[in-house]
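Below you'll find the structure, written out as structure tokens, and then a few comments.
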Amino acid sequence: MGSRTAIHLAEIENDGYTIIENVMSDDLMSRIREELAPYCQGKLLGRNNFEGTHTERVYALLAKAPSVAEIIEHPATLALIDQLLPPNYLLSAALSILVHPGETPQPFHYDDGIAGLPVFKPRPRFGVSTIWAFDDFTDTNGATEVIPGSHRWAEDREAREAEVVKVLMPAGSVVVFDGALIHRGGANTSAADRLAITPQYCNPGLRQIENMVLAVPPDVASRYSERIQNMLGYNIIEPSFMGYVDGVHPKKLIDQSYQGRKYRPELPPS
Ligand SMILES: O=C(O)CCC(=O)C(=O)O
């Protein structure tokens with residue numbers, strides 16, 4: 001492992017987050033912006049204070065903006081996440097967040113809570129989130145705000161305003177954080193928009209936040225790399241059977257000739 005990777009991992013352990021600066025090329029940023037543009041026409045504003053009533057969110061991104069795959073499987077972030085989550089981890093969510101002027105702070109929250117599962121913090125890591133900056137994250141334009149160290153807090157400890165740290169970073173950078181880190185989108189008191197994309201990853205045994213195999217059906221998933229297909233859920237957890245479809249590997253829905261592990265012998269032709 002390189003020394004930069006080790007430093008980033010230590011920051012995630014200690015503070016709950018780390019920033020990797022200037023890893024997205026201008027070309028990739030502009031391709032993604034172009035692909036997102038049809039979905040960001042100022043019409044679909046958030047439905048509540050969490051989504052943000054001055055914010056446009058686009059979900060099911062891999063069905064809409066194919067270049068987003070390049071940040072979901074970006075080597076700079078996966079080098080860290082590969083160390084933080086077990087093999088075969090899943091893409092739990094991937095959405096864009098365009099924060100317009102006038103937006104107020106989001107409620108504090110963390111990303112890897114599992115509704116209905118009676119397991120409370122502090123606990124083993126369930127997920128890792130990333131937020132990619134497409135505009136400079138500044139003091140005033142709605143930069144993500146984190147509570148350092150809160151990934152280790154007990155469930156009932158509440159964040160205080162005085163503990164907030166803004167994630168300031170230039171466009172093209174990414175913040176990688178423990179799924180249990182308390183954070184929120186900040187208020188946008190500037191005159192400019194702030195665009196970010198947040199791919200979030202989870203332990204393969206957990207339910208994804210977005211139902212990815214419905215959001216990205218087999219014919220669309222077939223256009224992506226095997227790594228992306230696996231992260232969407234077109235995979236099983238070896239050596240168990242978890243994730244099978246109709247008794248076979250889910251990759252068969254993408255590629256009928258897929259010769260991966262079989263869970264029952266092929267029936268002889270009748
Ligand atoms: O927009 C941001 O900076 C953070 C958004 C966020 O944390 C979320 O919606 O889960």
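Here the structure is a predicted model, which is why all the values come from computation and not from measurement. Counting convention: from 1, in listed order, for ligands and their atoms alike.
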### Query
Could you walk me through whether E161 and R184 pass the salt bridge (charged side-chain N to carboxylate O under 4.0 Å, His left out) check?
CA-CA 11 Å; E161 291 297 329; R184 67 182 179 189; 2.8 Å; yes

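Protein heavy atom in closest approach to atom 9 (O) of ligand 1: R57 NH2, 2.8 Å. Here the protein heavy atom with the shortest distance to atom 5 (C) of ligand 1 is Q106 OE1, 3.4 Å.
Contact check on R123 versus E155 returns no salt bridge, with no Lys/Arg side-chain nitrogen under 4.0 Å from an Asp/Glu carboxylate oxygen.
Taking every non-hydrogen atom of T144 and a distance limit under 4.0 Å, the qualifying atoms of ligand 1 come out as 2 (C), 3 (O). Per-residue contacts place D111 under 4.0 angstrom from the following atoms of ligand 1 (heavy atoms of the residue considered): 10 (O). Short contacts between ligand 1 and H109, defined as distances under 4.0 Å to a heavy atom of the residue, involve ligand atoms 6 (C), 7 (O), 8 (C), 10 (O). The contact set between ligand 1 and F50, taken as ligand atoms under 4.0 Å from a residue heavy atom, comprises 9 (O), 10 (O).
Of all the heavy atoms of I97, the ones lying under 4.0 Å from any atom of ligand 1 belong exclusively to the side chain. Contact annotation: for R194 versus ligand 1, heavy atoms closer than 4.0 Å belong to the side chain alone.
Residue-to-ligand polar distances place H183 within reach of ligand 1: an N/O pair is separated by less than 3.5 Å.
Expressed to the nearest 0.5 Å, how far CD of E56 lies from CG of L36 amounts to 10.5 Å. Here the straight-line distance linking atom OH of Y89 with atom CE of M231 works out to 5.5 Å at 0.5 Å rounding.
Formation of a donor-acceptor pair under 3.5 Å by the N141 side chain with backbone atoms of S190 is not found in this model. Side chain of S129 to main chain of F177: no donor-acceptor pair is present (N/O by atom type, distance under 3.5 Å, no hydrogens or angles).
Closest of all the heavy-atom pairs between Y59 and R47 is CE1-NH2, 4.1 Å.
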